[in-house]
Amino acid sequence: MQKFVNDPSKVVDEMLEAYVKVHADLVSTTENERVIKYKHAPVKGKVGIVTGGGSGHKPAFVGYVGRNMVDAVACGEIFSSPPAQMFYDAIKAADGGKGVALLYGNYAGDNMNVAMAMDEAEDEGIEVKKVVANDDVPSAPKGEEAKRRGVAGEILMWKVGGAKAAMGASLDEVIAAAQKAIKNTRSMGVGLAPCAIPEVGHPNFTIEEGKMEVGIGHHGEPGIEVCDLEPSAKIAQRFCNVILPDLPFESGDEVVVLISGLGSTPVMEQYIVFNDIEKILKERGIKIYLSYVGNYFTSLEMAGVTCTLMKLDEELKECMDYECDSVGMQQFQR
Amino acid sequence: MQKFVNDPSKVVDEMLEAYVKVHADLVSTTENERVIKYKHAPVKGKVGIVTGGGSGHKPAFVGYVGRNMVDAVACGEIFSSPPAQMFYDAIKAADGGKGVALLYGNYAGDNMNVAMAMDEAEDEGIEVKKVVANDDVPSAPKGEEAKRRGVAGEILMWKVGGAKAAMGASLDEVIAAAQKAIKNTRSMGVGLAPCAIPEVGHPNFTIEEGKMEVGIGHHGEPGIEVCDLEPSAKIAQRFCNVILPDLPFESGDEVVVLISGLGSTPVMEQYIVFNDIEKILKERGIKIYLSYVGNYFTSLEMAGVTCTLMKLDEELKECMDYECDSVGMQQFQR
Amino acid sequence: MKTFSNKEGALIIDKMILAIQENKQYLSDIDGLIGDGDHGINMNKGFTMCREELDNNPGDLAHSAKILSKILMMKIGGSMGPLYGKLYRGFASELSGKDEIGISEMGAALEGMLSSIQAISPAKPGDKTLIDTLVPAVEAFKKAQAEGKEFDVALDEMKAAAIVGRDSTKDMLAQLGRASRLGERSRGVLDAGATSCCLLLGVLADTSIELVK
Amino acid sequence: MKTFSNKEGALIIDKMILAIQENKQYLSDIDGLIGDGDHGINMNKGFTMCREELDNNPGDLAHSAKILSKILMMKIGGSMGPLYGKLYRGFASELSGKDEIGISEMGAALEGMLSSIQAISPAKPGDKTLIDTLVPAVEAFKKAQAEGKEFDVALDEMKAAAIVGRDSTKDMLAQLGRASRLGERSRGVLDAGATSCCLLLGVLADTSIELVK
Ligand SMILES: Nc1ncnc2c1ncn2[C@@H]1O[C@H](COP(=O)(O)OP(=O)(O)O)[C@@H](O)[C@H]1O
Ligand SMILES: Nc1ncnc2c1ncn2[C@@H]1O[C@H](COP(=O)(O)OP(=O)(O)O)[C@@H](O)[C@H]1O
Ligand SMILES: [Mg+2]
Ligand SMILES: [Mg+2]
Ligand SMILES: [Mg+2]
Ligand SMILES: [Mg+2]
């Protein structure tokens, strides 16, 4: 494995140790060294925004901690859900007295650990509500959306929830807005090359040269099909064929488009994929209000991209335009 | 090659076509579709900042066009210097009447094309001065600094020049500050895996599994030595052994540290390398004023990192703290 | 009446820790076939932390199981952290305060394991998870107990049932967790959680039998 | 006096374009050994653009060379864009306005090639660049001219010297451009620029000889 590592079992600890040094003006540690918070959190009188998940998805999850974004994050081992204690400590670090919104992705481990953490928070009198992101269309068939996993769409959920909380909304209003955001979001991934967890030492899944895995999950969970690698324009057509009918996205809709590299795909190629998707959306009369292209939600050194679309209404637009400052996403007031 | 591509010879055109759509609020095209400018450029009464180079280094070069940063950029083919016409058109797009500072990297093609473009600008009565970045220590021995190539240190040169120009400085003052920045900057790269130019279809250099190339250039130019891959802490020691004595950086100095991934190295690993370098600098009494870790200057899908250090004085500090907004680097006023 | 003291019972957890440490690579390799290859790593990390804690804070079987539960739930995470955390918590709560552990105490403790894990996991027998080892093992023990068999015989039958349960997962189609997305491709491979559970129940049986002698 | 008309001379550029297009892969492969493998791609892009421009805007040899020079300098970039751009510009400026091209006009044009490229390139003979083909070729032509040899003989001797010059780069150590960092590893491989320059000078000689008959 061609990696910069000391002790493979310590990669998350060393990464976080460095992270808080590099971004000392934005984030700080808590007594739990796997829970990182926004420097000024808990922000009195603001609904706290918490998330968490396995590491290895930089900038997610810790990269979205910041001003008007996530207040505190629980960082698990690589691709492994953080234990209940971490979620609970993150809830405490974010609790500004107006309740905490826990916005995370739909994974078995996360669901169990979040459930236990929320029980403990309830015992301590902290009101916590959750939104579970399920934007990964290929991870479960139409009609079984509740089983779908959460991928890059989580970022838009955090952006909306973070902005809503910053505007002084109540916990219920923040939850409602974040829920609406993810409810209107659909994603799909295409994988071109696998990744290896440092401690495991070799990839857990393979993608042969000349092949691609359509609908792959971002821990390499199997997708819809493995087929020959196609030109970007054809792949863009596949993204739209799966995503557009699922919501559905219709002519006249205004959307946010977020193309995220999975880690080792050059950003140049990600722009090429965006270009092909933009042409299809234009043909279908779907207007792009705002777009993001870059490594927003990765999976170690996987090659590939995920394409995420969110249908907008006035409230979601206001939240997307709202100023925020985090490592993963910075936005001057639009 | 596991890539998202349509026509391999059109990758730069398609990337730029998408780039101006995604960042329409920040940049815009010019009559030369390979020259992209800051939306509000030329900024009357401000020294114009221009750069340019081969594509494939995202976010460099186009990613540093923006507010208080680069005003216009010439985008060449992958790893190939932009022709004179592009540099000349970029100079015109940035000329706000107070002259243009051309801040680029020391490569044979760039030097020749810039020279021809500056001749043409002179004929048209536009005052253009240049600074040639040569921060890549291993690319030429001590005493032959003028032969050294420019790598990630160029970013700090743009940041300083961009800020100085935004503060209303004259062309000579901008050039002096940018020159001082790069003069106080030293970089080194370590490569773990090669990359392939889409049109060529296969890598031009190889790095075997289990090996690393110390001092590699970011087009894969050969470095100091190829040796067994070492733990991050040992590699950090190599960075410091080459970089610190070369300026030299001494105890009591204040520095900016910039760790850039070369494209496919997970950002998590880049933080681990930073962590190990930070410890060594601390031991040596060298104080980190500001640090950047991420994919700031890549080479398609090369695996590896470059480490860049700049010694600060009050003027350089003021410029580094100055607000800027570009895709590659965003900074709220510190 | 064959019993062993709660105090002596601490050896069971010690032996479980060793078993997990010795099988770290094996469990990860199995998980790697249809999962993300970290089951052995996750389990080893938790059980080793427990080793370190118990060295400074030793106690009886219930105490050791409680420490292991707390670490798995609070420190390990993933999907196995909460699952095995709840399993050991149910086991410990049934045994705490008991001086001697006989067939009825062990029966209650095994049922405690099952009920507390089923409280948070939707897994049912046949879903290709550790449930496919635990359910038959507990049923076999309760059956032996109901038939009035000796403690050590019930333990042996529990262990045998656990092995049958584990092996039954080979031809199952994963319904839960990472492997569930593999559909047909998840058949033909043992489930990692079912394997570790069988390993642990085996150690529970063998060590208890040794202590009862 | 053997000459050919400037108008007929346009065929030389047409043939040069074909030669580059046919050798695109070959030139890139050589460049790939000690460079970044794009020499053939860069040259082909420029010469093909020139083909397209000349189809709508044909003219004599000087005109065609000027178009080629402009495209290489303004559109291609890299290191070869400016270098070959200047080379063709020097060649064209010596021939523009001449109706007939004989040995003296060709001599001046070849010298124009050399002087304009040396104006921007620090390359000297022995640096393993296209200069190692161009310098001996021009010298051979000028020598044949001074010895009063016929135009076609001088062209043949120029071509032969170009080939010797190209082959001499094999054992040279690259001093300039990408390959220079390879040190010893740059020995044993032809230089890409020297190879393309030899190719082009060969076409110049052969086509001129054909036209002169
Ligand atoms: N909901 C569940 N209920 C019971 N067991 C489960 C469940 N989800 C996963 N498992 C068990 O967890 C094992 C995988 O554990 P591990 O690899 O440590 O976690 P992860 O899947 O997070 O990497 C599976 O083999 C399975 O037996
Ligand atoms: N300064 C120079 N003077 C003359 N020829 C040069 C110089 N630098 C490079 N070359 C020539 O350019 C060739 C490489 O061209 P090409 O691969 O197209 O450009 P790049 O090196 O930018 O990829 C080399 O083989 C060499 O002959
Ligand atoms: Mg896991
Ligand atoms: Mg090149
Ligand atoms: Mg696993
Ligand atoms: Mg080349």
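Basis for what follows: all heavy atoms, side chains included, without hydrogens, waters or symmetry-related copies. Note on naming: letters A, B, ... go to the chains in the order of the sequence lines (proteins, then strands), and numbering restarts at 1 for each one.
Contact annotation for B:Asp325: both backbone and side-chain heavy atoms come within less than 4.5 Å of a heavy atom of chain A. For chain B, no part of A:Asp13 is nearby; none of its heavy atoms comes within less than 4.5 Å. With a 4.5 Å cut-off on non-hydrogen atoms, B:Lys211 touches chain A through its backbone but not through its side chain. With a 4.5 angstrom heavy-atom cutoff, B:Ile235 touches chain A only via side-chain atoms. Only the side chain of B:Thr265 has a heavy atom closer than 4.5 Å to any heavy atom of chain A. Contacts of B:Asp7 with chain A are absent, with no heavy-atom separation under 4.5 Å from either backbone or side chain. With a 4.5 angstrom heavy-atom cutoff, B:Ile78 touches chain A only via side-chain atoms. Of the two parts of B:Val22, the backbone and the side chain both hold a non-hydrogen atom closer than 4.5 Å to a non-hydrogen atom of chain A. Contact annotation for A:Gln331: only backbone heavy atoms (N, CA, C, O) come within less than 4.5 Å of a heavy atom of chain B. Looking at B:Glu209, both its backbone and its side chain come within 4.5 Å of chain A, counting heavy atoms on both sides.
Residues B:Glu14 and A:Asn275 bring no donor and acceptor atom of their side chains to less than 3.5 Å of each other.
Taking the six-membered ring where the residue is Trp, A:Tyr19 and B:Tyr271 present tilted rings, their angle falling between 30° and 60°.
The six-membered or imidazole ring of A:Phe332 lies near that of B:Phe332, with a centre-to-centre distance under 6.0 Å.
In this structure, B:Asn295 CG and A:Ser264 OG are separated by 10.5 Å, a value rounded to the nearest 0.5 Å.
The side-chain contact (heavy atoms from CB on, under 4.5 Å) with A:Phe4 is formed by just one residue from the set B:Leu229, B:Val190, B:Ile272; it is B:Val190.
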